[in-house]
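Everything numeric in this text was worked out from a predicted model, so none of it was measured.
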Amino acid sequence: MFRPWLVILALLAKHSQRDAVLVASAGHEICSAANHSPCSAKQTYPKLVRHDGVQVGHVQSINLTDGQVLHLITKSLRPLLFEIPKFLSAEECEHIIKLASNAGLFQSTTLPDIDDEKALTDQEKKEDCLQLFGSDENHNGKVSVWELGVFLNQTYGISLNNADIEMMLTTTNFDRDGDGEISLNECMEGDHVVLDRYMNNIVEEHPQQRTRLSQQTWLQMSGTSDSVLRDLQDRVIQITKLPRIFVERSEDLQVVQYGVHGHYHAHYDSTVKNDPSLPCCMGSKYSAKCSQCRFLTVLYYLNDVPRGGETAFPVADEEHFNETEFEEKDLSNLSTHCYDANVVIRPRRGTAIMWYNHMISNMSGLLGPQDEHSLHGGCDVLEGHKWIANNWINAPIEWKDHL
Ligand code: OGA
Ligand code: CA
Ligand code: FE2
């Protein structure tokens, strides 16, 4: 089995470039986002803070500067997850949907082009096979069902279980000797056009198996002249009680629209666990050379969904979370396993949910270990549309520079 959430976030990487920000701390110029010189996280940032969830069902009130009172309802402790009703007004929700529609939405995942149905040349096949063998993680010269799952997820944005993959190998005749793996020879002898057609067919015919089926766009938050987005950012600072700098240096607002069958299978918003050796991408400067260090997620529901579209946290507060078992049971597929999740939240217009993807490091007060219970996703929309927006609050890792 494979871990689809490991590769999803790489698909979210289309950002608008933001202007350079100069940050001064204690009178020193620390770093410039423009010249790509690494910055020392310790010097630049104050300490992170996390709320106290107390216990599931606990409600804490937060007084906003405009006199409004918001209620944080604890939904789980691992991850620490809150539901916050009435975070946005109906007008604010409408406004954000309108901004996103005007900006233009694009597919959250893209598929390889199969217009060209001609048989590939040996050179093209070789390139394909080399790419495939990039996922030969244990370097044994064969691509296993698990490794193939990771590859197909990255290439086609589709989650297949072991049985699906074995069926694909048989049908496309890529495993000629029947040992359940693809050797380099088998790859070179296989018909790549047949494989491509087979995969595209799955994607078209079975949208449920796509890791993510939605459209999205990005709205600039920091420095915006839009008063709704400015107020929203201020409210995020007040509700999280985080020092302003973390919020202001975070990614733009991601607005997502799902139609019927739209979903996002279970994943982690933070990609630190994938490759802990990488520094953090800060703000919207995403690249393959840095991790998405998303300390906190604030997700807003922008409309009432007639049916479906819940946000599921499959392993929230799970005492014995076994990743292998989880994968074997295909529980990250929320089209089929939405209601097996430990916490399931119904989308309601104006409600926000907020959770911590990471602990805080005792040493530095900055980004600590990723919370493996923060796995989550969006269940299938069964009727109507679903609009959400994601605010990811980034934070750097203590002992590493960030980009
Ligand atoms: C996301 C996400 C959940 C939902 O966009 O990263 O987890 O309910 N969405 O749509
Ligand atoms: Ca084989
Ligand atoms: Fe997410």
Open item on the list: Please determine whether a side-chain nitrogen of the Lys or Arg among Asp179 and Lys142 lies less than 4.0 Å from a carboxylate oxygen of the Asp or Glu.
Closed with: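 Answer for the salt bridge query: yes.
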Task: Student check: side-chain heavy atoms of Gln292 and Asp269 closer than 4.5 Å - done: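 Not touching, per the 4.5 Å side-chain cut-off.
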- [ ] Go through the steps to decide whether Trp387 and Tyr300 satisfy the test side chain to side chain contact (heavy atoms under 4.5 Å, CB included), and finish with yes or no.
- [x] CA-CA 9 Å; Trp387 286 89; Tyr300 315 103; over 6 Å; no
TODO: Kindly state each residue pair satisfying salt bridge (Lys or Arg N to Asp or Glu O under 4.0 Å) with at least one member in residues 367-382, sequence neighbours excluded.
DONE: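 Of all non-adjacent pairs touching residues 367-382, those that pass salt bridge (Lys or Arg N to Asp or Glu O under 4.0 Å) are Arg78-Asp371.
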Task: Within residues 47-79 or reaching into it, pairs that qualify as ring pair (Phe, Tyr, Trp, His ring centres under 6.0 Å) - sequence neighbours excluded - done: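 For residues 47-79, and leaving out neighbouring residues, the ring pair (Phe, Tyr, Trp, His ring centres under 6.0 Å) pairs sorted by first residue read His51-Phe82.
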Open item on the list: Would you say the rings of Phe174 and His192 are close, in the sense that their centroids are separated by under 6.0 Å?
Closed with: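 Ring centroids of His192 and Phe174 are less than 6.0 Å from each other.
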Those residues that, when tested against [X], pass salt bridge (charged side-chain N to carboxylate O under 4.0 Å, His left out) (two or more places apart):
{"X": "Glu83", "result": "Lys75"}
{"X": "Glu94", "result": "Arg349"}
{"X": "Asp234", "result": "Arg244"}

Open item on the list: Enumerate the side-chain hydrogen bond (donor to acceptor under 3.5 Å, both in side chains) contacts for residues 306-315, please, sequence neighbours excluded, ordered by first and then second residue.
Closed with: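 Every pair satisfying side-chain hydrogen bond (donor to acceptor under 3.5 Å, both in side chains) with a residue in residues 306-315: Tyr301-Thr311, Arg307-Glu383, Glu310-Tyr339.
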Task: Qualifying disulfide bond (SG atoms under 2.5 Å apart) pairs, either residue in residues 200-236, two or more places apart - done: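 Passing the test, one end in residues 200-236: no pairs.
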Task: disulfide bond (SG atoms under 2.5 Å apart) contacts touching residues 119-207 (sequence neighbours left out) - done: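 Every pair satisfying disulfide bond (SG atoms under 2.5 Å apart) with a residue in residues 119-207: Cys129-Cys187.
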Task: Pairing residues for Asn201 by the side chain to side chain donor-acceptor pair (under 3.5 Å) criterion, not counting sequence neighbours - done: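 Partners of Asn201 under the side chain to side chain donor-acceptor pair (under 3.5 Å) test: none.
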- [ ] Could I get the full list of side chain to side chain donor-acceptor pair (under 3.5 Å) partners for Asp164, not counting sequence neighbours?
- [x]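 Side chain to side chain donor-acceptor pair (under 3.5 Å) check on Asp164 returns Gln209.
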- [ ] In sequence, state the C-alpha distance, the side-chain angles, and the governing distance for Tyr45 and Leu367, and then conclude on side chain to side chain contact (heavy atoms under 4.5 Å, CB included).
- [x] CA-CA 11 Å; Tyr45 285 90; Leu367 203 72; over 6 Å; no
Task: Derivation of the side chain to side chain contact (heavy atoms under 4.5 Å, CB included) call for Gln238 and Thr65 - done: CA-CA 8 Å; Gln238 292 182 53; Thr65 48; 3.1 Å; yes
Open item on the list: It should be assessed whether the SG atoms of Cys281 and Cys290 lie less than 2.5 angstrom apart.
Closed with: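 With an SG-SG separation under 2.5 Å, Cys281 and Cys290 do form a disulfide.
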Open item on the list: Checking Trp355 now: which residues fulfil ring pair (Phe, Tyr, Trp, His ring centres under 6.0 Å) with it, not counting sequence neighbours?
Closed with: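 Listed in chain order: Phe313, His376.
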Task: Listed partners of His263 passing ring pair (Phe, Tyr, Trp, His ring centres under 6.0 Å), at least two apart - done: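 With sequence neighbours excluded, His263 shows a ring pair (Phe, Tyr, Trp, His ring centres under 6.0 Å) to His265, given in chain and number order.
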